[in-house]
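So the structure is just underneath, and the comments pick up after that.
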Amino acid sequence: MLRNFAKHLGDAPGELILARRDTSNSVEVADRQPLVKDRAEYERLHKWSVDDPQDFWAHMAHDYYWAKKWEANHHEYNFDMRKGPISLSWFKGGRTNLSYNCLDRWVAAGRGNQVCFIWEGNDYGHERTMTYQQVLTETCRLANWLRGQGVRKGDVVTIYLPMICELPIAMLACARIGAVHSIVFGGFSADALAQRIEDGNSRIVITASAVNRATKRVDLKAIVDEAIGKAAKEGYRDVQRVLVYEKSALPREQTPWVLGRDAWWHREIPQRPEYCEPEWMDAEDPLFMLYTSGSTGKPKGVLHTTGGYMVGAGTTCKYLFDLRPGDVYWCTADCGWITGHTYLTYGPLLNGVTNVLFGSTPAHPDAGRCWRIVEKYNVRVLYTAPTLIRSLMQFGDHWVTQHDRSSLRILGTVGEPINPHAWEWYHQVVGEGRCPIVDTWWQTETGAAMITPLPYAWATKPGSATLPFFGVQPVLLTDKGEEIQGPGEGILAIKAPWPSMMRTVYGDHERFEMTYFSAFKGYYFTGDGCRRDEDGFYWITGRVDDVINVSGHRVGTAEVESALTAHDMCAEAAVIGVPHAVKGESIYAYVTLLDEATPTAKLHAELVNLVKSQIGSFAAPDVIHWAPGLPKTRSGKIMRRVLRKIAADQLDELGDTSTLAEPQVVDQLIASRPKTL
Ligand code: 6R9
């Protein structure tokens, strides 16, 4: 195994500490003691975290370097709108820097030569390693370049990069100088990117020439140009610099270029000084924002701050995956989503792991790709999504079992409820029945895992995220906002803040308050439904709002509907999620056309393309149902419950339709269902 590993070290200089076999960090030491040994120890720690959160989190924060310590009373909050604006602070008065804690701290501890990133590109043989020292140097160079462009603390930098080492490096470079990064997932369209550039008032965009994903090339730079053009049309002309990383998918000669504005990474960055003094940030200074979809309006820029996020990301990552420095860790998320922020970049590096970065799709070039990676690098912890598990499950077990997975110790999942069948396959086939499954429930807004098993500490049940993490106080509420005690089912809300919680919606604090704190006063409203069983375990039942979870990606119904209705021939649209064997949910769109329009294949394609161009391909409807009308209440509200039942072919569960303004619409919709159903 060691030989196998060493073969893939690439050309990194010096003595590499990759797979240490002589310390307690080694995956081959079977008797490594878990961080939390049983439920009683967890209960004790959880009680401490709830009874005295300030003290508990101060204790956790000592794992990190602070240029200035926090004040004695560092934690304050108001969760109740009736008492004034929603606000919270953690580690008030403290000063720190994320990039310092992720990189310099390990270099100072003698781990500069340890591999930080192992990158696997689109095809076999595309691989690269970078040590902690190399990542620090590259981060500093980019940070110096950004400073040279006039980027200062608090400025927003938009990042539209594929999964290459330069993506987390760009995040860390922003963090180093106190710039707020705003990453836009590479699957978002030019329209979506334009909206995010404008909303964040970004002057700098960092991108790549293009990227190959499986067999398809995505021209990222061209999309950036288009987005900047679109923003300019709407009056936003402030993008001054576009930094472009050259990828072999599209060589420099063929990359579209705007003279004076665009700059090549390979020309600009290597010449910058290799050290950059970190900006010591107040604990409550912003670190990043990330857009996420809700049930209404345009996506919200969820804002996270420095100190609390750092401690939350680092602590959860450590306990969830029982991490020690030097462990080989692989999270399959893209940095464009929150999981890629907390559990691909910050959390793992705060724990000094060797971090696998995967720049392709799970079944490219074949269905054995992921397991080959596990074998090749001796991956100890794998953290992925149910959609990936389901998509690989269908190819058959032999793709998995032909690879050695004896290095695996812990298997994580995130993004949507995991169905017991996928859970069992993950546990039995992938993990050979010996690796705990860590099913982590959390959100972009929560910044870090909230309800999750701790490995080895208690027996799990397939499909349950089990118990709240330290400091998390979940409650189940009735529609009227009363707390449900003991076993039961209700709306999941959280009673008190935790360090990595979002602080506001960028530029719109009122929206933050209205979205998360107005429905149930005194609680953070999650948007999820949940059941609690007799063991106190939590079972997430899915969104209770109009958010659809497609392959773990949040899609707002309102966004898709607004894209569809942008078509000249579309009178009205209503979008819902329907169960899908691989994606979890897929998008089903009811479209009512203007009287003069006829439904055709061409119109169908035009509508789907509108969604692709306004949001991104992942949000495209799988079904368009030409609807003669939509079921509405007398006050004009669309009854989505009825639409869901019709789409799922559960006609005997339509429920009470007597309050509809035109009850006959239901029969018309049933009669007009697409033939393929
Ligand atoms: C981290 C992330 C958040 C929504 C969340 C919920 C669903 C995430 C889950 C889960 C059941 C889990 N969700 N993890 N549902 N079990 N383990 O995914 O953030 O993209 O903001 O999505 O995803 O519905 O509210 P985000």
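In each ligand, atom 1 is the first atom listed, and ligand 1 is the first ligand listed.
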Presence of salt bridge, Lys298 and Glu559, under 4.0 angstrom: no
Under-4.0 Å salt bridge between Arg390 and Glu416: yes
Electrostatic pair Glu432-Arg434, nearest N-O below 4.0 angstrom: yes
Within the protein, residues bringing a heavy atom under 4.0 Å of ligand 1, chain by chain: Ile338, Thr339, Val414, Gly415, Glu416, Pro417, Asp439, Thr440, Trp441, Trp442, Gln443, Thr444, Asp528, Ile540, Arg543, Asn549, Arg554
Heavy-atom donor-acceptor pair, Glu483 side chain to Leu477 backbone, under 3.5 Å: no
All pairs passing salt bridge (Lys or Arg N to Asp or Glu O under 4.0 Å) where residues 537-555 contributes a residue, at least two apart: Glu445-Arg554, Arg543-Asp545, Asp546-Arg640, Asp546-Arg644
Salt-bridge contact Lys318-Asp63 (side-chain N to carboxylate O under 4.0 Å): yes
